[in-house]
Amino acid sequence: MERLSGLCWHDGRLVRLGELGLANLSLAGLFYGASVFTTLRVYGGSLDHPQTHWWAHCDRITQSLNAFGWPRPNWTQVYSGCAKLLQHYEVLRIAVFPEGKALVTGRSLPTDLAIAQRQGIVVWVADEPIYRRSLPAHKTGNYLSCWLARQASSRQNAREAVLVNDQGHWLETSTGNLWGWKDGHWWTPPLSAGVLPGIMRQQILKYLSTQQQPATEADWPPEQITDFEALACSNCVNEVLPIHTTLTHGTKLEYDPSHLGFEALRKAVKAEVDSG
């Protein structure tokens, strides 16, 4: 697959990011992070592949646009732009601005993704107020708190950061949703706690329900974390990543990245379950 650095689609045409110019970009988006976005992984080279979840991604953006009172983009044009970019990238990011214009950029999958999926990752608990997300039910362009948490986690030699609320309850990672195994089934923080309604999260929940293995949606107070036998995080790009180590205030907890419970999560990723 050819790699074209900086190639993107904006307002009906393929260009390079450096060619856009300030006059063509949303000033509200630049000044205030006023945009909503979604990041999708293209499977089988097709937006229509069931695992790509094209319409689920469109629906999530549309729900945020409706909530903010912003116009919708021309989805037919956006689809066409994405179809052109997917010839060069496995991962697409669609951002929509208050004016209704869309910007689609692309990137590759992480080079070590297969290793991380097999061996697991280290996460660091970002429990300071600076890392609290605003509008957690929406993927807005104001992702500074998540970015800061991710940068801080890398300084701790961790791949991901775990975000918490004012009570210290675990919510999600800086890029995805959390899963924990105990009492013979999976648990995940509820949307009511202030977590993003991830598309992969919904896919997993629906699959587990069809297998009569429903996950429990409940708050994750910090004292509960030691009860879990296994931990994982999920999103549409990385699918499911086991967590083998958590770091917080000098304390290290270790979990089994080969736990048998991961089989159900991995099957959920591949299952053709409507996540819209």
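- The distance between the ring centers of W181 and Y255 does not fall below 6.0 angstrom.
- Looking at Q156, its side chain never comes within 3.5 Å of a backbone N or O of V125 through a donor-acceptor pair.
- Once rounded to the nearest 0.5 Å, the distance linking OG of S153 with CG of L247 reads 9.5 Å.
- L40 places none of its side-chain heavy atoms less than 4.5 Å from the side chain of H53.
- N142 places no side-chain N or O within donor-acceptor distance of the main-chain N or O of G33, the cut-off being under 3.5 Å.
- Proximity of L65 to P73: side-chain heavy atoms (C-beta onward) are separated by under 4.5 Å at one or more points.
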* Start with the C-alpha gap between S145 and I130, add the side-chain angles, then the distance that decides, and say whether side chain to side chain contact (heavy atoms under 4.5 Å, CB included) holds. => CA-CA 7 Å; S145 58; I130 193 174; over 6 Å; no
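- Here the closest heavy-atom approach between residue V78 and residue A102 is recorded as CG2-CB, 3.8 Å.
- By the rule that hydrophobic residues join a cluster once side-chain heavy atoms approach within less than 4.5 Å of another member, L148 and V164 end up as members of separate clusters.
- Between the OH atom in Y43 and the CD atom in Q51 there is a gap of 5.5 Å [rounded to 0.5 Å].
- Counting non-hydrogen atoms of neighbouring residues, nucleotides and ligands closer than 6.0 angstrom, the CD atom of Q167 exceeds 12 such neighbours.
- Hydrophobic clustering of Ile, Leu, Val, Met, Phe, Trp and Tyr side chains at less than 4.5 Å, counting indirect connections, keeps L231 apart from W179.
- Within the model, atoms OG1 of T173 and CG of L178 stand 6.0 Å from one another, a figure rounded to the nearest 0.5 Å.
- H259 places a side-chain N or O within 3.5 Å of a backbone atom of G261 that can act as its donor or acceptor partner.
- Summarising the geometry of R132 relative to N165, their closest heavy-atom pair is NH2-O, 3.4 Å, with the distance given to 0.1 Å.
- Between L171 and G194, the shortest heavy-atom contact is CD1-O, 4.1 Å.
- Aromatic rings of W187 and H185 (six-membered ring for Trp) have centroids within the 6.0 Å cut-off, being under it.
- Side-chain atoms of T38 do not come within 3.5 Å of backbone N or O of C58 as any donor-acceptor pair.
- Contact of the W75 side chain with the T62 side chain is registered, since non-hydrogen atoms from C-beta on lie closer than 4.5 Å.
- Remark: the backbone N or O of K206 is not paired with any side-chain donor or acceptor of S209 at under 3.5 angstrom.
- Taking 4.5 Å as the limit, some side-chain heavy atom of R107 sits within range of a side-chain heavy atom of T39.
- Across all their heavy atoms, P221 and H169 have their closest contact at CA-CD2, 3.4 Å.
- Salt-bridge check for K270 with E239: passed, with a basic side-chain N closer than 4.0 Å to an acidic carboxylate O.
- Under the 4.5 Å side-chain heavy-atom criterion for grouping Ile, Leu, Val, Met, Phe, Trp and Tyr, L14 is connected to L86 within one hydrophobic cluster.
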* Could you check E254 against T245 for side chain to side chain contact (heavy atoms under 4.5 Å, CB included), going step by step and ending with a plain yes or no? => CA-CA 4 Å; E254 296 183 343; T245 303; 4.1 Å; yes
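- Rounding to the nearest 0.5 Å places NZ of K101 at 11.5 Å from CD of Q77.
- No close placement of the W186 and F228 rings is indicated, their centers lying 6.0 Å or farther apart.
- For R201 and E172, the salt-bridge test fails: no basic side-chain N is under 4.0 Å from an acidic carboxylate O.
- The shortest distance between side-chain heavy atoms of L241 and C233 falls below 4.5 Å.
- Residues F68 and T140 are in side-chain contact: their nearest non-hydrogen atoms beyond the backbone lie under 4.5 Å apart.
- L196 places none of its side-chain heavy atoms less than 4.5 Å from the side chain of H138.
- Atoms CZ and OG, from R266 and S234 in turn, are 12.5 Å apart once rounded to the nearest 0.5 Å.
- With hydrogens and angles disregarded, a donor-acceptor distance shorter than 3.5 Å links the side chain of Q212 to the backbone of T210.
- Below 30°, between 30° and 60°, or above 60°: for F37 and Y143 the angle between ring planes is above 60°, a perpendicular geometry.
- Separating the CD atom in Q203 from the CD1 atom in I199 is a distance of 10.0 Å, to the nearest 0.5 Å.
- Between D112 and the options R159, Q117, Q119, a side chain to side chain donor-acceptor pair (under 3.5 Å) holds for only R159.
- Considering all non-hydrogen atoms of both residues, P197 and A137 come closest at CD-O, 3.6 Å.
- A continuous path of ILVMFWY side-chain contacts below 4.5 Å connects I94 to W55, so both sit in one hydrophobic cluster.
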* Asked: Should Q224 and K182 be marked as a side chain to side chain contact (heavy atoms under 4.5 Å, CB included) after you check the CA-CA gap, both sets of side-chain angles, and the distance that decides it?
  -> CA-CA 10 Å; Q224 177 175 285; K182 73 169 186 173; 3.5 Å; yes
* **Derivation and outcome, side chain to side chain contact (heavy atoms under 4.5 Å, CB included), residues V269 and M200** => CA-CA 7 Å; V269 171; M200 183 55 66; 3.9 Å; yes
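- Follow the hydrophobic side-chain contacts under 4.5 Å out from W9 and you reach L92 in the same cluster.
- Side chains of K252 and T246 form no contact here, defined as non-hydrogen atoms less than 4.5 Å apart.
- For the pair Y207 and A264, the tightest heavy-atom approach, listed with the atom from each and the gap, is CE2-O, 3.6 Å.
- Looking at T52, its side chain never comes within 3.5 Å of a backbone N or O of W54 through a donor-acceptor pair.
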